[in-house]
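Keep in mind that the numbers below use all heavy atoms, side chains included, and drop hydrogens, waters and symmetry copies.
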Amino acid sequence: MAGVGIRAVILRRANLRYEFPSDFVRRIEGQTVRGVARRAKYLLVELGSGDALLMHLGMSGSFRVVQRNSREKGLHKDRYGLHDHVIFELSTGTVVVFNDPRRFGFMSLLAPGEVGAHATLGRLGPEPLTPRFDSAAFASALHRRKTSLKNALLDQRVVAGLGNIYVVEALHRARLSPLRRASTLATRAGEPRAALDLLVQAIRDVLKEAIRNQNRTGGDDRFRVYDREGQRCPRRGCGGTIKRIVQGGRSTFYCPVCQR
DNA sequence: ACACGGACCTGAAGGC
DNA sequence: TGCCTTCAGGTCCGTG
């Protein structure tokens, strides 16, 4: 992406989750992409001007990449569907379309310096696939938390980038109950580091596997417990039955037999 | 500082 | 065939 130009931007509505900045189009059109980065679930595109385009997919957002001389030609507005909200036409002829039915996603532009000052970005916890995320850092993030382990892992300030599915999957792999109070992981005697280390590893494994499988469509075997209420626990020799409960308003799936 | 519930939106799926 | 309810992979804000 580095070096690619952005020839045109079309907004097909005035807002997603938030209003677009009034100068959104003007500040992007004609710019060159300096680089693309991800932080937690946020995507950052650095522009030649020094501005950063900050984007989030929310729950239902997606990008699709269209070659100009494929069936979907040109930038004529009528070519796009109801929920195709933002269109980027690149200098390479590629068109990138942002689609988001629920509009929980957003885009904004940050001037140089505003990225570092951004309140939410600044409070994000460590990226789980970097060395900064280890059991010591994890322990200090959890040890005062009175909330459940499940809710703590969903908190982006504890560890960045985990969503409902991957939290549920990681807890199953680490054999930890989603209901357990978060602080007990860091302090429980006779269980020194083992549980924490296991959870750190489980989180990394779940994410790496998800990244590896990103292009696999469908597939009933993507998740071991998520959305499997009433099914047999997949852990060898466990024999438990997957249960669904609600925590913080979201579904949790877990095995009450092997997750403690 | 933390914890919790509700709000923001639309579409898909299931029950009657 | 509807019509109604529930649920969905996220985040922010207000209230205790």
Table of protein N/O atoms under 3.5 Å from nucleotides 14-16 of chain C N/O atoms:
none

Exercise. Knowing that exactly one of A/K243, A/R228, A/E229 qualifies, which makes a side-chain contact (heavy atoms from CB on, under 4.5 Å) with A/F253?
Worked result: A/E229
Tabulated below should be each protein N or O lying under 3.5 Å from an N or O of nucleotides 3-5 of chain C; please produce it.
none

For this session: Look at the rings of A/H56 and A/F106 and say which category their plane angle falls in: under 30° parallel, 30 to 60° tilted, over 60° perpendicular.
Result: parallel
Quick one: label [X] by what it contacts on the DNA or RNA (base, sugar-phosphate, nothing), any heavy atom closer than 4.0 Å.
X: A/S60; result: nothing
X: A/Y226; result: sugar-phosphate
X: A/G58; result: sugar-phosphate

Problem set entry | Identified stems (criterion: three or more consecutive Watson-Crick or G-U pairs, under 3.5 Å), DNA chain B | B:2-8 with C:10-16, B:10-16 with C:2-8
For this session: Select one nucleotide: of C/dG10, B/dA3, B/dC4, the one nearest the side-chain heavy atoms of A/R250.
Result: C/dG10
Problem set entry | Separation of the P atoms in C/dC7 and B/dG5, to the nearest angstrom | 15 Å
Exercise. Looking at DNA chain C, which of residues 156-165 of chain A put a heavy atom within less than 4.0 Å of it?
Worked result: A/Q156, A/G163, A/N164, A/I165
Strictly under 3.5 Å: I want the nitrogen or oxygen pairs between protein and nucleotides 8-10 of chain B, one per line.
unit_1 : atom_1 : unit_2 : atom_2 : d
B/dC9  : O3'    : A/R103 : NH2    : 3.3
B/dC9  : O2     : A/R102 : NE     : 2.9
B/dC9  : N3     : A/R102 : NH2    : 3.4
B/dT10 : OP1    : A/R103 : NH1    : 3.4
B/dT10 : O3'    : A/H83  : NE2    : 3.4

Exercise. Could you give all pairs that pass the side chain to side chain donor-acceptor pair (under 3.5 Å) test and reach residues 245-256 of chain A, with sequence neighbours left out?
Worked result: A/S148-A/Q247, A/K150-A/T252, A/R244-A/S251, A/Q247-A/T252
